[in-house]
Amino acid sequence: MASNNQDLPEATVQNVLEQDILKWVFVGGKGGVGKTTCSSILGILLSQFRSSVLIISTDPAHNLSDAFQQRFTKSPTLVNGFSNLYAMEIDPTVEKEDSVSSDGMDDFLSDLTNAIPGIDEAMSFAEMLKLVQTMDYSVIVFDTAPTGHTLRLLQFPSTLEKGLAKVMSLKSRFGGVLSQMTRLLGVDEEFGEAAILGKLEGMKDIIEEVNRQFKDPDLTTFVCVCIPEFLSLYETERLVQELAKFEIDTHNIIINQVIFDEEVVESKLLKARMRMQQKYLDQFYMLYDDFNITKLPLLPQEVCGVEALKEFSHHFVTPYQPSLARGSVEELQNRVAALKEQLKDAEAELEKVQKGKQKI
């Protein structure tokens with residue numbers, strides 16, 4: 001696809017912001033690439049277009065509180081300075097204290113967990129989705145854990161469907177035996193086979209609906225966040241392939257921590273990093289020529305707090321432009337001035353060293 005500098009949405013996330021019936025936005029990628037910053041900023045930008053936005057962190061590290069410099073819990077909390085942006089942090093693993101503490105129930109769930117890997121996390125995820133859907137937010141942004149966990153998270157709806165099918169087949173084959181055993185073991189009706197199956201069946205509709213929504217490109221999209229390095233490129237490619245397998249739409253890539261060829265970059269290290277990054281940037285553009293690729297600059301400081309997030313959000317909707325064009329008169333004048341300053345400092349240092357030697 002030919003790149004057109006005037007066609008701003010190509011290099012921004014504007015397409016995500018303008019997709020007005022979008023319900024679920026997943027933000028994912030390798031650890032340490034800036035997913036939380038990106039999901040926080042996407043939430044801030046979406047709050048300008050939507051009536052209510054919820055950001056959910058499913059990463060056990062929970063950096064959302066650090067990004068906004070505000071404490072979040074497993075209940076949606078209004079973000080300071082906003083009237084329609086909420087955030088919550090959940091751990092998508094089953095919490096023992098929240099599950100029914102009956103031996104019969106625990107044993108059954110334990111057998112079920114062993115029979116279907118991931119069913120415990122899937123059930124916990126289903127409960128969270130049920131809660132979220134009753135709240136009726138306009139759009140939900142998921143700040144996900146590093147790639148491996150994210151792929152498991154996206155498998156949860158189908159994992160649960162398989163689990164329910166397995167349980168239903170067990171019920172039809174051993175239903176009578178299970179009922180007799182629960183009665184013989186003295187398990188309360190509340191925690192018996194019927195209650196467990198009822199709870200699982202109750203989830204079936206919501207899981208099927210979520211599965212349908214996740215596979216609808218009008219309702220769900222996945223934003224891949226990466227940095228211009230080999231491992232991150234590899235991880236992004238793996239993620240895009242897996243998303244295609246799950247039939248989940250993805251057409252946005254955010255490349256973070258890009259060193260732009262600007263100002264007076266005389267450091268050999270920075271120049272070497274720029275050359276390395278350029279090699280991987282070229283590969284990103286070659287592999288994902290039909291994606292909206294947004295490049296974000298590497299900053300000298302962290303992006304923490306609402307004001308810093310708002311300020312950095314400009315780069316999500318307007319492609320970053322280096323302040324000076326390499327080779328321009330202004331840039332060359334700046335470079336000459338910087339070299340003169342460096343020469344002056346070096347001469348002063350040399351003079352100091354020479355005076356020191358003379359004293360000795």
Side-chain angles (χ1 to χ4, degrees), residues 8-9 12-28 35-59 62-65 67-90 92 125-144 153-154 157 205-225 248-252 254 292 294 303 305-318:
L8 293 183
T12 70
V13 297
Q14 198 69 38
N15 61 313
V16 174
L17 305 178
E18 290 172 356
Q19 198 171 326
D20 55 8
I21 61 165
L22 198 61
K23 175 77 177 170
W24 311 94
V25 180
F26 287 90
V27 181
K35 293 185 299 295
T36 301
T37 301
C38 290
S39 45
S40 302
I41 289 174
L42 276 170
I44 288 171
L45 291 170
L46 282 163
S47 72
Q48 298 166 15
F49 291 78
R50 301 297 197 92
S51 56
S52 58
V53 180
L54 174 66
I55 307 171
I56 301 178
S57 170
T58 61
D59 185 346
H62 293 324
N63 298 317
L64 208 53
S65 293
F68 282 104
Q69 294 183 332
Q70 180 184 345
R71 182 85 187 93
F72 297 119
T73 64
K74 58 182 181 180
S75 300
T77 305
L78 189 64
V79 177
N80 292 337
F82 293 88
S83 59
N84 63 339
L85 178 63
Y86 299 80
M88 64 190 279
E89 296 180 328
I90 59 138
F125 185 60
E127 290 287 5
M128 185 272 296
L129 286 179
K130 200 191 290 187
L131 172 76
V132 164
Q133 288 216 320
T134 58
M135 293 172 184
D136 198 30
Y137 288 95
S138 172
V139 62
I140 293 146
V141 179
F142 280 93
D143 172 32
T144 67
L153 186 81
L154 296 172
D205 291 344
I206 195 164
I207 290 308
E208 284 173 353
E209 175 58 18
V210 165
N211 217 0
R212 185 192 66 75
Q213 287 189 17
F214 279 8
K215 290 178 180 181
D216 185 340
D218 291 332
L219 298 174
T220 303
T221 194
F222 198 107
V223 177
C224 303
V225 182
I248 292 172
D249 171 76
T250 178
H251 48 256
N252 280 77
I254 294 174
N292 296 57
T294 307
V303 183
V306 171
E307 289 313 310
L309 290 166
K310 279 182 177 176
E311 191 180 334
F312 195 55
S313 71
H314 300 311
H315 303 313
F316 283 65
V317 288
T318 306

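Values in this document were obtained by computation on a predicted structure and should not be read as measured data.
Rounding to the nearest 0.5 angstrom, the gap separating the OG atom in Ser65 from the CE atom in Met88 is 12.0 Å. Here the OG1-CD1 distance, from Thr12 to Ile254, works out to 10.0 Å after rounding to the nearest 0.5 Å. Between atom CD1 of residue Ile140 and atom CZ of residue Phe26 there is a gap of 9.0 Å, rounded to the nearest 0.5 Å. Here Ile90 contributes atom CD1 and Phe142 contributes atom CZ; the two are 7.0 Å apart, rounded to the nearest 0.5 Å. A distance of 14.0 Å separates OH in Tyr86 from CD1 in Ile56, rounded to the nearest 0.5 Å. Atom CG of Leu64 sits about 10.0 Å away from atom OG1 of Thr77, to the nearest 0.5 Å.
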Considering only distance and modelled atom types, tabulate donor-acceptor pairs under 3.5 Å from the side chains of residues 42-52, sequence neighbours left out.
from, atom 1, to, atom 2, distance (Å)
Ser47, OG, Ile44, O, 2.5
Arg50, NH1, Leu22, O, 3.1
Arg50, NH1, Ser138, O, 3.1
Arg50, NH1, Ser138, OG, 2.9
Arg50, NH2, Gln19, O, 3.0
Arg50, NH2, Asp20, O, 3.3
Arg50, NH2, Leu22, O, 2.7
Ser52, OG, Ser138, N, 3.1

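Thr250 places no side-chain N or O within 3.5 Å of a backbone atom of Val223 that could act as its donor or acceptor partner. Listed for the Lys215 side chain is no donor-acceptor partner under 3.5 Å among the backbone atoms of Thr220. Not one N or O on the side chain of Glu311 forms a donor-acceptor pair closer than 3.5 Å with the backbone of Val303.
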Begin from the C-alpha positions of Thr37 and Leu309 and carry the test side-chain contact (heavy atoms from CB on, under 4.5 Å) through to its verdict. CA-CA 7 Å; Thr37 301; Leu309 290 166; 4.1 Å; yes

Could you give me the CA-CA distance, side-chain angles and deciding distance for Val306 and Phe68, then say whether side-chain contact (heavy atoms from CB on, under 4.5 Å) is met? CA-CA 6 Å; Val306 171; Phe68 282 104; 3.9 Å; yes

Walk me through it: do Val13 and Asn292 pass the test side-chain contact (heavy atoms from CB on, under 4.5 Å)? CA-CA 7 Å; Val13 297; Asn292 296 57; over 6 Å; no

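The two residues Cys38 and Val27 make their nearest non-hydrogen contact at CB-CG1, 4.3 Å. Across all their heavy atoms, Leu78 and Asn84 have their closest contact at CD1-N, 4.1 Å. Shortest non-hydrogen contact noted between Lys310 and Phe82 is CE-CZ, 3.7 Å. Residue Asp216 comes nearest to Asp218 through the heavy atom pair OD1-N, 2.9 Å, listed as atom of the first residue, atom of the second, then distance. Taking each heavy atom of Gln14 and Val317 in turn, the nearest pair found is OE1-CG1, 3.5 Å.
By the ring pair (Phe, Tyr, Trp, His ring centres under 6.0 Å) test, His315 is found to be paired with Phe312, Tyr320, residues two or more places apart in sequence or in another chain being considered. Scanning for side-chain hydrogen bond (donor to acceptor under 3.5 Å, both in side chains) contacts around Gln213 gives Trp24, Glu209, with sequence neighbours left out.
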